[in-house]
Amino acid sequence: MSAGKISFNVSRTDVPVVVRTSYFPSWWVRGDKGPYRTLPNQVTVIPTSTAVSLVFGIRGVDYLGHAISMGTLTSAFLWRVRRRK
């Protein structure tokens with residue numbers, strides 16, 4: 001599942017490209033190395049092919065974190081309900 005995508009083509013590979021978007025660990029790339037945080041509102045990618053895509057999406061570890069959080073909240077709720085009885 002991807003929430004956003006930035007795609008572009010370059011004429012030369014191995015030349016860093018600055019993209020004006022905020023860095024977040026859920027950004028991953030196709031066709032290059034990176035993304036590397038340059039400034040708070042910029043990331044740098046190093047193309048290894050002429051077609052580059054930055055994709056913002058949820059990974060498996062994100063689903064695991066959500067499941068653990070929901071399990072913890074459910075347990076706390078059930079503990080509180082049982083304690084009132």
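Predicted model, so just to flag it, every value in this text is computed and none were measured. Excluded from the calculations below are hydrogen atoms, water molecules and symmetry mates; all remaining heavy atoms, backbone and side chain alike, are included. Counting begins at 1 with the first residue of the sequence.
Taking both residues in full, the closest heavy atoms of Gly57 and Asp62 are given as O-OD2, 4.2 Å, listed atom of the first, atom of the second, then distance. Nearest heavy atoms, Lys33 versus Val29: C-CG2, 4.4 Å.
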Table please: side-chain donor-acceptor pairs of residues 44-54 below 3.5 Å, with sequence neighbours left out.
| residue | atom | partner | partner atom | Å |
| --- | --- | --- | --- | --- |
| Thr44 | OG1 | Thr38 | OG1 | 2.3 |
| Thr48 | OG1 | Gly31 | O | 3.2 |
| Ser49 | OG | Gly31 | O | 3.4 |
| Ser49 | OG | Ala51 | O | 3.0 |
| Ser53 | OG | Ser7 | OG | 3.2 |

Side chains of residues 14-25: which donor-acceptor partners sit under 3.5 Å, not counting sequence neighbours?
| residue | atom | partner | partner atom | Å |
| --- | --- | --- | --- | --- |
| Ser22 | OG | Asn41 | OD1 | 3.2 |

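In this structure, Ile68 shares a hydrophobic cluster with Leu64, the cluster being traced through Ile, Leu, Val, Met, Phe, Trp and Tyr side chains under 4.5 angstrom apart. Listed by chain and number, the hydrophobic cluster partners of Trp79 come to none, as no ILVMFWY side chain reaches under 4.5 Å of it.
Under the rule for a ring-ring contact (aromatic ring centres under 6.0 Å, His included), Phe77 has no partner lying at least two apart in sequence or in another chain.
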